[in-house]
Amino acid sequence: MKTLQDILYKVGIEGISGKPSVTVSSLSYDSRTVREGGLYIAQKGTQLDGHDFIYQAIENGAHSIICESLPKKCNEGIVYVVVKSAAQAMGVMASNFYDNPSEKLQLVGITGTNGKTSIASLLFNLFSQEGYRCGLVSTVSVKYGEKDIQNTHTTPDAITLNQYLKEMVDLEVSHCFMEVSSHGIAQHRTEGLVFAAGVFTNLTHDHLDYHGSFKNYRDTKKLFFDTLPKTAFALTNLDDKNGSFMLQNTKAKKYTYALRQHADYKAQILECQFAGMLLKIQNQEVWTSLVGHFNAQNLLAVYALADLFELPSIQILKQISQLKSVEGRFQSFQTTQGITVIVDYAHTPDALEHVLETINTIRTRNETLFTLLGCGGNRDREKRPKMGQIAAELSDKVIFTSDNPREENPATIISEMIEGVPPEHYKKVLKVTLREEAIAMAGQLAKKRDIVLIAGKGHEDYQEIQGKRYPFNDFELAQQIFSKTN
């Protein structure tokens with residue numbers, strides 16, 4: 001058990017009321033989970049202000065409080081610490097409380113709009129196959145040892161994250177591959193962590209509902225690289241126009257990868273089909289079951305990371321040849337009638353365009369390409385017409401449907417997507433509000449050798465409607481429906 005003074009190491013303190021020698025049994029930013037002898041961190045959120053729950057935290061057993069302003073009445077015997085940013089302080093304190101676990105393993109952060117989950121998961125699988133004990137913190141799940149925890153946030157809160165890392169250290173995990181989201185950076189969830197490496201994938205239109213502008217979104221991503229230590233290395237994708245920008249102020253050693261530009265790590269696609277690709281990476285050929293330009297970039301990043309961690313080149317290529325597609329990322333199956341069904345997480349204009357361009361590069365044009373997609377409710381509305389336009393222009397038939405409508409009316413979301421469809425493509429468009437019915441319609445319309453892309457939800461096993469989550473898995477449902485209709 002640590003003292004408050006120990007936990008406050010490197011925290012910018014603006015004032016203390018009480019003795020910081022008090023012991024701390026646990027950390028919490030939710031007053032309902034505070035235990036006897038615990039420390040409560042009062043954060044100001046977008047909907048609730050943690051300062052309104054300080055008295056409840058004390059009633060539940062908190063002996064010390066971290067806050068940005070003192071309550072009107074301070075309880076006797078309670079230690080109050082005033083900080084400028086409670087969220088920022090929480091990251092540092094969580095690291096201190098759990099003995100700074102990020103310093104005791106090789107922590108790799110992957111950030112960007114698309115590719116984070118694929119790269120993190122592929123690295124976890126590759127290093128695990130090479131005999132390393134690894135950890136994974138991704139949008140899909142958190143894995144280490146025998147644990148496989150379904151994740152609720154791409155980047156967990158700082159307390160949970162450090163708890164995971166501490167358990168990884170106790171299990172002698174050597175490498176942890178972690179997605180770093182823009183929300184996680186902006187909300188200081190990675191504050192206090194020491195990264196051994198950082199990877200930038202790309203930057204496209206996403207999360208502008210939260211960040212307000214593309215510049216703010218870009219600058220938030222850059223903060224991750226600005227704070228990397230000089231002992232770390234930073235790897236960036238030069239095919240993206242923001243790749244060089246990310247490295248401008250970093251202290252880390254700089255490395256680059258690209259398919260189209262001159263870079264430290266180079267690759268090219270020699271052959272591409274639905275069964276896989278033949279790649280040339282650093283002048284060495286390798287066959288992979290993964291498909292598409294975006295996956296070629298992801299695999300090149302994986303190769304570069306493994307090489308920078310000094311894995312033998314021949315072993316890296318061997319493992320790349322054995323890697324399988326990440327769940328919900330260009331995950332496909334064929335029906336008995338030869339219909340190819342692809343499920344992909346593409347939920348941004350750029351990701352959708354890449355997936356459709358990949359399909360159009362491979363297909364013969366003697367078949368019909370159906371694209372089924374929706375857009376999430378209570379999220380960035382600007383991307384809806386853009387995604388509608390891309391789907392209509394790059395597909396033969398489009399079925400607009402629900403994604404996770406959340407509190408919004410699905411019909412309104414669909415209408416906003418259709419606003420982006422050029423008039424000459426209106427005849428391609430169908431509207432089916434219920435997603436299950438939309439997949440069933442695709443199953444009825446698709447004929448021999450046709451292609452069906454089901455985009456937007458990927459790995460998700462739920463659909464969120466009016467505050468409730470209902471079981472829903474695109475891949476499993478598509479397998480059921482297409483086995484009956486074909």
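Residue pairs meeting the salt bridge (charged side-chain N to carboxylate O under 4.0 Å, His left out) criterion with at least one partner in residues 86-100, sequence neighbours excluded, are K2-D99. Among residue pairs with one or both ends in residues 235-247, those qualifying as side chain to side chain donor-acceptor pair (under 3.5 Å) are D239-Q297, D240-N242; sequence neighbours excluded. Counting only residues at least two apart or on different chains, the side chain to side chain donor-acceptor pair (under 3.5 Å) pairs with a member in residues 265-275 are Y265-D307, E271-Q273.
Proximity of T368 to K397: side-chain heavy atoms (C-beta onward) are separated by under 4.5 Å at one or more points. Using a 4.5 Å cut-off on side-chain heavy atoms (C-beta onward), L369 and L356 make contact. Looking at Q282 and S313, their side chains never come closer than 4.5 Å, going by heavy atoms from C-beta outward. With a 4.5 Å cut-off on side-chain heavy atoms, V11 and V83 count as touching. Taking 4.5 Å as the limit, every side-chain heavy atom of Y303 sits out of range of all side-chain heavy atoms of V286. Using a 4.5 Å heavy-atom cutoff, the side chains of L238 and Y257 are not in contact. Contact of the H425 side chain with the E393 side chain is registered, since non-hydrogen atoms from C-beta on lie closer than 4.5 Å. I316 has its side chain within reach of L126: a pair of non-hydrogen atoms, C-beta onward, lies under 4.5 Å apart.
Using the six-membered ring where Trp is involved, Y345 and H347 have ring planes that are tilted, between 30° and 60° apart.
At least one donor-acceptor pair under 3.5 Å links the side chain of R133 to the backbone N or O of L171. Looking only at distances, no side-chain donor or acceptor of Q331 sits under 3.5 Å from a matching main-chain atom of V343. N100 contributes no side-chain N or O that, together with a main-chain N or O of E103, makes up a donor-acceptor pair within less than 3.5 Å. Side chain of T227 to main chain of F224: a donor-acceptor pair is present (N/O by atom type, distance under 3.5 Å, no hydrogens or angles). The backbone N or O of E382 lies less than 3.5 Å from a partner atom in the side chain of D380, making a donor-acceptor pair. Not one N or O on the side chain of K84 forms a donor-acceptor pair closer than 3.5 Å with the backbone of G12. No donor-acceptor distance shorter than 3.5 angstrom exists from the side chain of N298 to the backbone of S118, with no hydrogens or angles considered. In this structure, the side chain of T113 engages the main chain of T204 through a donor-acceptor pair within 3.5 Å. Side-chain N or O atoms of R189 include one that pairs as donor or acceptor with a backbone N or O of T155 at under 3.5 Å. The closest donor-acceptor contact from the side chain of N295 to the backbone of G292 lies at 3.5 Å or more, if one exists at all.
Residues satisfying the salt bridge (Lys or Arg N to Asp or Glu O under 4.0 Å) test with K457, not counting sequence neighbours, are E460. Qualifying salt bridge (Lys or Arg N to Asp or Glu O under 4.0 Å) partners for E327, counting only residues two or more places apart in sequence or in other chains: none. Every side chain to side chain contact (heavy atoms under 4.5 Å, CB included) that K324 has, sequence neighbours left out, goes to S289. Residues that satisfy the side chain to side chain donor-acceptor pair (under 3.5 Å) test with R329, not counting sequence neighbours, are T117, H459. Scored by the ring pair (Phe, Tyr, Trp, His ring centres under 6.0 Å) test, F233 finds F309 as partners (sequence neighbours excluded). Residues passing the salt bridge (Lys or Arg N to Asp or Glu O under 4.0 Å) test with R363, sequence neighbours excluded: E367, D396. F200 meets the ring pair (Phe, Tyr, Trp, His ring centres under 6.0 Å) test with no other residue; sequence neighbours excluded. A search for side chain to side chain donor-acceptor pair (under 3.5 Å) contacts involving D219 returns K215, not counting sequence neighbours.
Side-chain N/O atoms of S141 and Q150 include no donor and acceptor closer than 3.5 Å. For the residue pair S182/T220, the side-chain donor-acceptor check at 3.5 Å is not satisfied. For the residue pair S402/Q463, the side-chain donor-acceptor check at 3.5 Å is not satisfied. For the residue pair Q129 and Q322, no side-chain donor N or O sits within less than 3.5 Å of a side-chain acceptor on the partner.
For the atom pair CG (D461) and CG (L477), the distance works out to 13.0 Å, reported to the nearest 0.5 Å. H354 contributes atom NE2, which lies 8.0 Å from atom CG of N114 (distance to the nearest 0.5 angstrom). Atom CG of L430 and atom NZ of K428 lie 12.5 Å apart (nearest 0.5 Å). Between the CZ atom of F370 and the CD1 atom of I454 there is a distance of 12.0 Å, given to the nearest 0.5 Å. Going from atom OG of S128 over to atom CG of L123 covers 10.0 Å, rounded to the nearest 0.5 Å. From T111, atom OG1 reaches atom NZ of K116 across 6.0 Å, with rounding to the nearest 0.5 Å.
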Side-chain polar contacts of residues 156-167 - donor-acceptor pairs under 3.5 angstrom, sequence neighbours left out - could you list them?
unit_1, atom_1, unit_2, atom_2, d
D157, OD1, I159, N, 3.0
D157, OD1, T160, N, 2.9
D157, OD1, T160, OG1, 3.2
D157, OD2, Y29, OH, 3.3
D157, OD2, T160, OG1, 2.7
N162, OD1, S95, OG, 3.1
N162, ND2, A158, O, 2.9
K166, NZ, D170, OD1, 3.1
K166, NZ, D170, OD2, 3.1
E167, OE1, Y144, OH, 2.3
E167, OE1, K147, NZ, 3.1

(message) R384 vs E408, test: salt bridge (Lys or Arg N to Asp or Glu O under 4.0 Å). Steps then yes/no.
(response) CA-CA 13 Å; R384 294 174 185 174; E408 280 196 72; 2.6 Å; yes
(request) Assess whether side chain to side chain contact (heavy atoms under 4.5 Å, CB included) is satisfied between C176 and L107, documenting all intermediate values. (result) CA-CA 5 Å; C176 176; L107 181 61; 3.8 Å; yes
(message) Go through it in stages, so that I can follow the logic: the residues are F177 and L122, the test is side chain to side chain contact (heavy atoms under 4.5 Å, CB included), and I'd like the CA-CA distance, side-chain angles, deciding distance and then a yes or no.
(response) CA-CA 9 Å; F177 305 104; L122 292 170; over 6 Å; no
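Annotation: Y462, atom OH; neighbour count of heavy atoms from other residues, nucleotides and ligands within 6.0 Å is above 12.
Checking I119, V137, T139, L136 one by one against E179, the side chain to side chain contact (heavy atoms under 4.5 Å, CB included) holds for a single residue, T139.
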